[in-house]
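I have placed the structure first, in the form of structure tokens, so that the comments after it can refer back to it.
Side chains included, hydrogens not; waters and symmetry mates left out as well; all remaining heavy atoms used.
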Amino acid sequence: MPIKKSELYSSIWASCDELRGGMDASQYKDYVLFMLFIKYVSDKYANSDDFAPPVTIPKGASFKDMLLLRGKDDIGDKINTQIIQPLIDSNSRLSRSDFPDFNDPNKLGEGKAMVDRLTNLINIFNSPSLDFSKNRADHDDILGDAYEYLMQHFAQESGKSKGQFYTPAEVSRILAKVIGISPKNSVAATTAYDPTCGSGSLLLKVAAEAGKHITLEGQEKDVTTSGLARMNMILHDFPTANIMAGNTLANPKFKDGDNLRTYDYVVANPPFSDKTWSAGITPSEDPFNRFAWGEPPTKQGDYAYLLHIVRSMKSTGKAACILPHGVLFRGNAEAAIRKQLIRSGILKGIIGLPANLFYGTGIPACILVLDKENASASKGIFMIDASKGFMKDGNKNRLREQDIHKIVDTFKKLETIEKFSRMVSLEEIADPKNDYNLNIPRYIDTTEPEDIQDIDAHLNGGIPQRDIDDMKHYWDILPGLKNTLFEEGRSGYLNARLHARDIRSTIQQNKEFLTLKENNKSIFEGWKKKALPELNGFDKGAHPKDLIYSLSESLLDDFRKAKLINAYEVYQHLMDYWNENMQDDAYLIAADGWKAETRRVVEEVKAGKDKGKQKDKGWTCDLIPKALLVSKYFAKEQEALDTKQVELETTQASLTELEEEHAGEDGAFAELEKINKAEISKRLKEINGIKDYKAEEKILNQWLKLDAQQSTLKAEIKKLDEALDKLAYEKYPKLTEDEVCSIVINDKWLPTIEASVQTEMNRLSQQLTERLKELIERYETSLPQIQLALTEAEEKVKSHLEKMGFAWI
């Protein structure tokens, strides 16, 4: 049975991380990723019938040959000489610098320590679930995603100075989408370039958006990282991608004659504020004329990379580059270059991102989108402030699916959204008050209005009309609710018809609100009706990513019609469920079809005398959990079990209550060392027949009776549970494919999605309730009322003091 996708990733990471020991993550990743690489190319190409396979695996240099080296004293040297070197000799695109030294005692340990570490590392990848011989060469590539997962975790572990080899996948996806590449405008000859390609993730995201095997080229300064990029390309089935090592600014490798090669699409995430960018070049004498708009500051390389990108674009080229926010507003030499960039019309858009997204730095960054083709027609720069849309992920921030989608949708439509996006004219940017400063807050105000306290309302009562008017988006849809909640008061103020505690129930019972709920439910039902044929048609060999793309886009489009609900939030619920559970189900179905197979749960004992041994913890089924199967086929048996469980809990509560009631010094249990059956039976023998202990005897016998009931119930529950477990276990093999399909879709997936969508209506109700309660309670008691209450309280106190013979002056 195939392992779940999420478990595959996490098990590889956990095992590798455990073996890492004291080695730096940025170095250890090279060993782990090579193992993934050699396993993949061996499975994929070792027995290839292709006339010219993308990767040639020489005899004796496959992963199977590596298995024979386990436990050998010279394992590290043999991997270097018998596996890696023959691979390099047989594949011109690979070089020795691409791969780590497997015989380095400084990193891997000496003697037995090295042998054990490398043997265990090989064993991690010698798993039946890691069979890539049938690995699909499309965007559902599990292996490529596993690589991405490992790269992300290594970047997290590598620290500030060493995590820059990886651009977060979410950011990469935005760049790939906003440059406008798609299957419609891509052919094999379409070219994409990354001058600072790191491990190649950005280029691969562009290729994924193209949906074709376009031409990929990239350059990377770090030799080891460029090797990772070459492996990454092969792992993602782009073996012909051309990745070169070297300093792009000082020694660009991609040239046509004496000029820089130009491309249809350019993407980049250069090192932020590179202080050594000018090493090896004299900008004023640059042979490629990259610095015609001005020379960047010696210690700030951001514009140097941007100018290289501009020169690397075809006349019809598009580009997107990640840079620190400083490029938008820093002065002096950068201001002069920025002015030329703006006037050229090439700068199409700016997307401000949240802080702390990247592994190499915590500063906020932005995406600059460039377009040469439409430069002459440019009327302005489209700006998006997406700095507030993210989720916390450990010590970093991460863009959610809804954040990515909203950014891309807004950019493609050039849609104006209050506090989020707008087209800024070149005239406004050039105005002396802005003077070509592109700092986003100058043009998009994202500050939330202050919640002002109304002194007049505190003094004289009433709720300010302006606070209620600020909730206009609610009243446009629920006008009758407003009239139910408020009535006209003095000029400029309203009076609450209800107490704050009655707001929630009033909203939930309001006809307009109920109609709103029903309309949104109808939208979901309409989506479900469209989704069902697609879900039922999903089967073995299908592509899970195609499925979720179709489902999620359809859900988002349908809920754009919903009132007072954010369609992107609804979309996020589906994507969260997909990432947490549904995608694992889909990959199991894609691998094996609609089969609900059980498996044993085996865990390794972590401590004690049995440490290291495997312990059987029972069975489970990933596709259809036992509880779901039982609720559908064995509800009566489960009800009987639940009834007994309630009886047991009641009995246990009675026992506890009895023990607590008679636990004192004079209580019936005072003479016992412990409250248990043996001690109580012994005590009953001691006091048997003694008249003065009748009350104690009665309580002790009551305890024994309850304890006997508890034992009987436990035995009955165990018997019922075992019988139900057996029924369920025997039911799984009898399920037809149609039954499995129906249970998974109608009893598992759709109800879960519907429940999560419903939370948006609950959140709407809660937000409205909280704001209204806040306003009503804020002005509920005016100052004169407070003074009156205070006066009355003083009079009461004076009266009580006088009765006691005291005077309060």
Side-chain angles (χ1 to χ4, degrees), residues 167 172 174-182 185-198 200 202-207 209-210 214-220 241-244 248-249 251-270 277 281 283 286-296 301-323 327 337-351 366-378 380-382 411-412 426 438:
T167 303
S172 298
I174 292 175
L175 266 73
K177 289 175 182 291
V178 296
I179 57 176
I181 193 168
S182 71
N185 59 21
S186 302
V187 294
T190 299
T191 55
Y193 168 62
D194 185 343
T196 56
C197 69
L202 252 175
L203 277 174
L204 287 166
K205 288 295 186 294
V206 173
E209 286 299 314
I214 61 173
T215 301
L216 302 181
E217 294 188 334
Q219 187 166 339
E220 169 54 40
N242 196 2
I243 306 295
M244 305 288 283
T248 293
L249 296 180
N251 185 20
K253 295 294 179 73
F254 296 100
K255 294 180 287 187
D256 290 326
D258 294 331
N259 299 316
L260 290 179
R261 184 173 299 168
T262 56
Y263 298 87
D264 297 306
Y265 300 97
V266 184
V267 288
N269 179 18
W277 73 269
I281 60 171
D286 179 48
F288 309 108
N289 198 31
R290 288 173 290 185
F291 307 109
W293 288 347
E295 294 181 20
D302 300 312
Y303 271 102
Y305 289 102
L306 184 63
L307 292 172
H308 176 86
I309 290 168
V310 171
R311 294 293 294 176
S312 300
M313 298 166 64
K314 288 182 178 179
S315 61
T316 57
K318 314 291 192 298
C321 179
I322 303 167
L323 292 171
V327 301
I337 300 172
R338 184 169 60 247
K339 186 174 182 179
Q340 292 291 333
L341 175 65
I342 294 168
R343 284 181 164 180
S344 74
I346 292 173
L347 182 57
K348 178 182 179 180
I350 302 169
I351 301 168
C366 59
I367 299 171
L368 269 57
V369 186
L370 310 175
D371 180 358
K372 275 192 178 179
E373 185 176 19
N374 301 297
S376 60
S378 175
I381 298 171
F382 189 72
F411 191 86
K412 287 184 175 180
L426 295 181
L438 295 176

- Message: Using the rule given for side chain to side chain contact (heavy atoms under 4.5 Å, CB included), can you reason through Arg338 versus Ile342, listing the C-alpha separation, both sets of side-chain angles and the distance that settles it, and then say yes or no?
- Response: CA-CA 6 Å; Arg338 184 169 60 247; Ile342 294 168; 3.9 Å; yes

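- The CG atom of Asp194 sits 5.5 Å away from the CG atom of Leu202 when rounded to the nearest 0.5 Å.
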- For Ser344 and Trp293, what are the C-alpha separation, side-chain angles and deciding distance, and is it a side chain to side chain contact (heavy atoms under 4.5 Å, CB included)? CA-CA 10 Å; Ser344 74; Trp293 288 347; 3.6 Å; yes

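- At least one side-chain heavy atom of Val310 sits under 4.5 Å from a side-chain heavy atom of Lys372.
- Using a 4.5 Å cut-off on side-chain heavy atoms (C-beta onward), Arg290 and Leu260 make contact.
- Between Glu209 and Lys177 the shortest side-chain heavy-atom distance falls below 4.5 Å.
- Interatomic distance, CD of Glu295 versus CG of Asp286, reported as 9.5 Å (0.5 Å rounding).
- The closest side-chain heavy-atom distance from Leu306 to Leu341 is below 4.5 Å.
- Side-chain contact between Pro195 and Val266 is present, with at least one heavy-atom pair separated by less than 4.5 Å.
- Put simply, the side chain of Ile214 does not reach to within 4.5 Å of the side chain of Asp264, judged on heavy atoms.
- Contact annotation: the side chain of Tyr305 never approaches that of Cys321 to less than 4.5 Å [non-hydrogen atoms, C-beta and beyond].
- The nearest pair of heavy atoms linking Ile351 to Ile174 is CD1-CG2, 4.3 Å.
- Here the closest heavy-atom approach between residue Gly180 and residue Tyr265 is recorded as O-OH, 4.3 Å.
- Of all heavy-atom pairs spanning Thr190 and Ile181, the tightest one is CG2-CD1, 4.3 Å.
- Distance CG/Asp256 to OG1/Thr262: 7.0 Å, rounded to 0.5 Å.
- Tyr303 approaches Val327 most closely through the heavy-atom pair OH-O, 2.6 Å.
- Aromatic ring pairs are classed by plane angle as parallel below 30°, tilted from 30° to 60° and perpendicular above 60°; the pair Phe254 and Tyr263 is perpendicular.
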- Message: Could you walk me through whether Phe288 and His308 satisfy the side chain to side chain contact (heavy atoms under 4.5 Å, CB included) test, starting with their C-alpha distance in whole Å, then the side-chain angles of each, then the deciding distance to 0.1 Å, before giving a yes or no?
- Response: CA-CA 9 Å; Phe288 309 108; His308 176 86; over 6 Å; no

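- In plain terms, the two heavy atoms of Leu175 and Ala320 that are nearest each other are CD2-O, 3.6 Å.
- Distance check: Arg343 CZ to Leu426 CG gives 10.5 Å after rounding to the nearest 0.5 Å.
- To the nearest 0.5 Å, atom CG of residue Leu203 and atom CG of residue Leu216 are 5.5 Å apart.
- A heavy-atom distance below 4.5 Å is found between the side chains of Leu347 and Leu438.
- A side chain to side chain donor-acceptor pair (under 3.5 Å) with Glu373 is found for exactly one of Lys314, Lys318, Lys348, namely Lys318.
- Here the side chain of Glu220 pairs no donor or acceptor atom with the backbone of Gly200 at under 3.5 angstrom.
- The minimum heavy-atom distance between Leu307 and Gly294, with the atom names listed, is CD1-O, 3.8 Å.
- At most 12 heavy atoms of other shown residues, nucleotides or ligands fall within 6.0 angstrom of atom CG in Asp258.
- The distance from atom OG1 of Thr248 to atom CH2 of Trp277, rounded to the nearest 0.5 Å, is 13.5 Å.
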- Which is it for Glu217 and Thr191 under the side chain to side chain contact (heavy atoms under 4.5 Å, CB included) test, yes or no, and what are the steps along the way? CA-CA 8 Å; Glu217 294 188 334; Thr191 55; over 6 Å; no

